[in-house]
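Throughout, protein chains are lettered first and strands after them, A, B, ... in sequence-line order, and every chain is numbered starting at 1. Values in this document were obtained by computation on a predicted structure and should not be read as measured data. Below, each value reflects all heavy atoms present in this structure, side chains not excepted, and no hydrogens, waters or symmetry copies.
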Number of protein chains: 2
Amino acid sequence: MKTTKRQKDIIDASIELIAEKGIQELTIKNLSKKIGIVESAIYRHFKSKMDILISILSLFRESKEMMNKELSALEADYTEKLKQMLQKRFTFFSSNPAIAAVIFSEELFRNDRRLSDFVYKIMQYNQKVIIDILENGQQIGEFRDDVPAKELAFMITGALRLVVTQWRIADYSFDLQEEGRRLWKTIEILIQK
Amino acid sequence: MKTTKRQKDIIDASIELIAEKGIQELTIKNLSKKIGIVESAIYRHFKSKMDILISILSLFRESKEMMNKELSALEADYTEKLKQMLQKRFTFFSSNPAIAAVIFSEELFRNDRRLSDFVYKIMQYNQKVIIDILENGQQIGEFRDDVPAKELAFMITGALRLVVTQWRIADYSFDLQEEGRRLWKTIEILIQK
DNA sequence: ATAATGTGAGCGAACATTCACACACGTTTT
DNA sequence: AAAACGTGTGTGAATGTTCGCTCACATTAT
């Protein structure tokens, strides 16, 4: 079930649409207009609109998994690992703003279990990765252990989400990576023993 | 322009609808069904659906302002002020889950400037209040000042939002206030000098 | 009697989706 | 080589649904 060229076109166009004007602009009509075919032709390549969204999310999950493989192969201390991870995520969102729009709109998916499960799982997974790094770092005495890793992770993930969200609301008007670097500086200090 | 009894009914019903099944369920049809009148009757009391949403947000803003008046009247150190503030917000969301659904769905309002501005301003205001407390506390040496207040605020607000969001996604299945208390314990330790 | 409120029918737009049909190919059959 | 056929892709019209909203008319409250 590999994706055909046309399917890739559709996914790309979808991502562009979402990045430009938000997920609400992703309609079959807009999509077909953007590609230059008629609405019904979309259905030659995807069973439903939801399938398109799922494909986008899968794409994200894949790149997420790759990110994490690189991360665990990394020979470095946990501080460095955490830093790399956050940096990678900021870089990713920076060049894929549409994904952020999809990932962070849980509310829109409330009526569709398939989608909301998908989003929720990605969210849980991300958090778990951070918690693991933190706990490992705590155990070997690299991070402070007077606060639970779970709450720390909440603050880190929460801050990341908030920064990205504001970046989108502000129409990408500031440098997300730069803001990410600033955030990291603070996190780094806070988690130190 | 005070709100009539019927207007209050409508707002209450809206909030209930949103709390139950998310903002997507807030339609004029569902609303009228819930109240027990016919769809068109809604328009005797509100000019448009957007006006209903604006009213809900106004309600939130008012209670927010009241919260803050209480807070600044409080004779206490900044740690206590911050604690009170977070606690109040968790308590508020705990008994008004619908507001969280509205406040945290920026994506849905992207195509409506009136609404998105409203939400954005509330968000900015909240953040400013926290930053102020943090900065004041830093100046008198109550909080650590080796990290910028802005980034700290990002982490605090972000964590709050994330916890509330997960609580909603998980269908209110855990005790939000309890989780809030846990989060505070961590924040308190982190900001200490 | 007047104003406030409710009713029921309906409008226009947006939306995802379906369907019968057409055309361009490459492959297979005669 | 010509005819038949399958497959992938696109077209245009149509369907069914939902939505916010309007309007002429009726009922109720003051």
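In this structure, a donor-acceptor pair under 3.5 Å is absent between the side chains of B/E142 and B/Q138. Judged by distance alone, the side chains of A/Q24 and B/E107 never bring a donor and an acceptor atom under 3.5 Å apart. Side-chain N/O atoms of A/N30 and A/K21 include no donor and acceptor closer than 3.5 Å. Donor-acceptor pairing under 3.5 Å is lacking for the side chains of B/T165 and A/E106.
You'll find that the side chain of B/A41 is closest to C/dG6, out of C/dG6, D/dG12, D/dC21. Listed candidates were D/dG10, D/dC21, C/dG6. Nearest to the side chain of B/H45 is C/dG6. For B/K49, the side-chain atoms get nearest to D/dC21 when compared with the rest of D/dC21, D/dT11, C/dA16.
Interatomic distance, CG of B/L162 versus CD of B/E179, reported as 10.0 Å (0.5 Å rounding).
In the displayed structure, B/K5 atom NZ is contacted under 6.0 Å by at most 12 heavy atoms of other residues, nucleotides or ligands.
Across residues 25-37 of chain B, B/L26, B/T27, B/I28 each have a non-hydrogen atom less than 4.0 Å from an atom of DNA chain D (numbered order).
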Sugar-phosphate or base contact per nucleotide [nucleotides 24-30 of chain D; S, B, -; heavy atom under 4.0 Å]: BB-----
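The CD-C1' distance, from B/E39 to D/dC19, rounds to 9 Å in whole Å. B/R6 places its CZ atom 17 Å from the C1' atom of C/dA3, with the value rounded to the nearest Å. B/D9 has its CG atom 18 Å from the P atom of C/dA4, to the nearest Å. Nucleotide C/dT5 holds its C1' atom 13 Å from the NZ atom of B/K5, rounded to whole Å. Taking atom OH of residue B/Y43 and atom P of nucleotide C/dC11, one finds them 17 Å apart after rounding to whole Å. As a whole-Å value, the separation of A/D112 CG from C/dA16 P is 13 Å. Across the protein-nucleic acid pair, A/L17 atom CG and C/dC15 atom P stand 12 Å apart, rounded to whole Å. Between the C1' atom of C/dT5 and the NZ atom of B/K47 lies a distance of 19 Å, rounded to the nearest Å.
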Check against ring pair (Phe, Tyr, Trp, His ring centres under 6.0 Å), A/F118 and A/F109: CA-CA 10 Å; A/F118 210 122; A/F109 304 144; 9.9 Å; no
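B/L115 is not listed as a side-chain neighbour of B/L108, based on a closest heavy-atom distance of 4.5 Å or more.
Aromatic ring centres of B/F93 and B/F104: separated by under 6.0 Å.
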